[in-house]
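Can you keep this structure in mind? I'll have questions shortly.
A note on names: the letters A, B, ... follow the listed sequences, proteins ahead of strands, and every chain is numbered from 1. Keep in mind that what you see is a predicted model, and the values were worked out from it rather than measured.
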Amino acid sequence: MIYTDKGLLITCELDGRINMVHYSKFESGETVTNGKLFVELFNQESIGKVLDFIVEIKKRSASFGWELFLKPEFSLEPYYFGGVLIDDSITILASKNKVDFNKFLSGIAQMNNEQINKIRALEKVQTGPEESKIDKSSYLFDEISRLNNELVNTQRELTKKNIELAELNTLKNQFLGMAAHDLRNPLGFIYNFVEFIEEERENLSQEQIEFIGQIKSLSKFLLNLVTDLLDVSSIEAGEINLILEQIDLIYFIDQNVKRNRFLAQKKNITINFTTNCENLMMQIDKNKIEQVMTNLITNAIKFSQANTIINVGLKLDETNVIISVTDQGQGIDKEELNLLFKPFKKTSTKSTAGEKSTGLGLFIVKRIVEAHNGKIWAESELTKGSTFIVSLPIHI
Amino acid sequence: MKSVSNKKILIVEDEEESQKIFRRMLVGYDLSFCVSEMTLMEKLRESEYGVILMDIGLAGSKDGLMLIRELKSTPKYSSIPIISVTSRVYSKQRILATEAGAAAYLTKPISKTLLIETIEKCLIQ
């Protein structure tokens, strides 16, 4: 079947230049040719409407039902226009009237190309300017309902996945807790028994004392690792319960610094504690704050060279007590500062005497400080040392 | 002066390794061991104790926490200080042990210095 009715089917570039004429037949016998601008086919007075037509196609991917007057050399009567945006070109269809437009569409169906199919699909949901308000809103309504259904389904799917993930996370924490607990107990025994052998050092050879020392420090490391894992699993399970006691924070930190001096001596590191407060009674969990202070000070020792100084400071502002631990160590790369408080993350800064790290200490410390409604952060510059600052509200 | 009998320490602990560790650390103290509720009551009837070391994680029908509560609610034994010992590091355990009436809380692995310090504190009271 060959289509013989009047009409036009062309493809334009986005700038409106006609690059392909698929079908062109008018009363006058005049035809459209490649290379012209689409607007050049129209009378001066129609151009505003033609431009609206093009804009509408570009904006909404398709538009139909436009009555436009072509130049008299083609026809003296109006034609009905429709157009669709496919990839980077606009395909435009015109016929004598609306009924013909559909007839024309089916008539040229023999061309049966992808563009025509797309035009037909879009023609069902698109309308021209006179019906656009109603049809636009019903089209939008359909489209929004469809998207809404899609969203609801996605949300349902996500909720399901979230529940599954939460269950898996609980299982992981339970497993971690059990495994760590079962590891910790025997490790503790090994540590205690090694200590007993060490007490008999006068009966041991130099080499045996050295080996015992190795076993002791390795089992201590494993014990710390497992304890950290247990801490993390209990923190993740929301079991960070503070046992608050009224204590003198100044005396408490002073004692902690004294205990850590023993460790610092091995690297000939001096630890100073300076404060302008004489005493400061506060409600804290003393075991947990002990863990915080010991972690910060041992970290400072770990990452400092021998013969350096660590300054522990305590001062008050109106509502907070600010505790700082400053070392003269290697410093931390600015880009790695945010890794410090994340679990299992280690920065590229290395300990100076091969001391081991679990990568969990600061994560636990942060959670403890937060449980006291406090904040912790680090300031550092490479080669110039680091400062870790803990700010705790005086009244929790 | 406390009488010698008051210096007796009763250790409720079912793990053999732990028993060995306590024995070694507490050389010089008069120690008595038991492993469950049954033997605990027997030991308590036999003698007087200055302090009880109670393992929280006892296997069997009653764990250490339950035994502490029971002893603390028995007038005859309620004045004996109890040191709870556990391999659990959760602070929840500490809270529970303190609530049950334990005078002190120690975590395994036991530090000898801390153990003796804690025992001495309890014995003085």
Worksheet item: Going by distance alone, is a donor N or O of one side chain under 3.5 Å from an acceptor N or O of the other, for Asn260(A) and Asn256(A)?
Response: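 Looking only at side-chain atoms, Asn256(A) and Asn260(A) do form a donor-acceptor pair, the distance falling under 3.5 Å.
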Worksheet item: Counting a contact as any heavy-atom pair under 4.5 Å apart, which residues of residues 11-18 of chain B contact chain A?
Response: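 Checking residues 11-18 of chain B against chain A gives Glu15(B), Glu17(B), Ser18(B).
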Worksheet item: What pairs with Ser111(B) under side chain to side chain contact (heavy atoms under 4.5 Å, CB included), at least two apart in sequence or on another chain?
Response: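 In terms of side chain to side chain contact (heavy atoms under 4.5 Å, CB included), with neighbours along the sequence ignored, Ser111(B) is linked to Thr113(B), Leu114(B).
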Worksheet item: If you measure from the Lys or Arg side-chain nitrogens to the Asp or Glu carboxylate oxygens, is any gap between Asp55(B) and Lys108(B) under 4.0 Å?
Response: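 Salt bridge between Asp55(B) and Lys108(B), a charged N being under 4.0 Å from a carboxylate O: yes.
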Worksheet entry | Glu198(A) bridged to Lys216(A) by N-O distance under 4.0 Å |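 Salt bridge flag = yes for Lys216(A) with Glu198(A).
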Worksheet item: Once the angle between the rings of Phe193(A) and Phe189(A) is folded into 0 to 90°, is it parallel (under 30°), tilted (30 to 60°) or perpendicular (over 60°)?
Response: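 The arrangement is tilted - the two ring planes meet at 30° to 60°.
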Fill in: Pairing of Glu370(A) and Lys375(A) as salt bridge, 4.0 angstrom limit
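No, no charged N to carboxylate O under 4.0 Å.
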Fill in: Segment of Leu223(A) engaging chain B (4.5 angstrom heavy-atom cut-off)
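For Leu223(A), side-chain heavy atoms alone lie under 4.5 Å from chain B.
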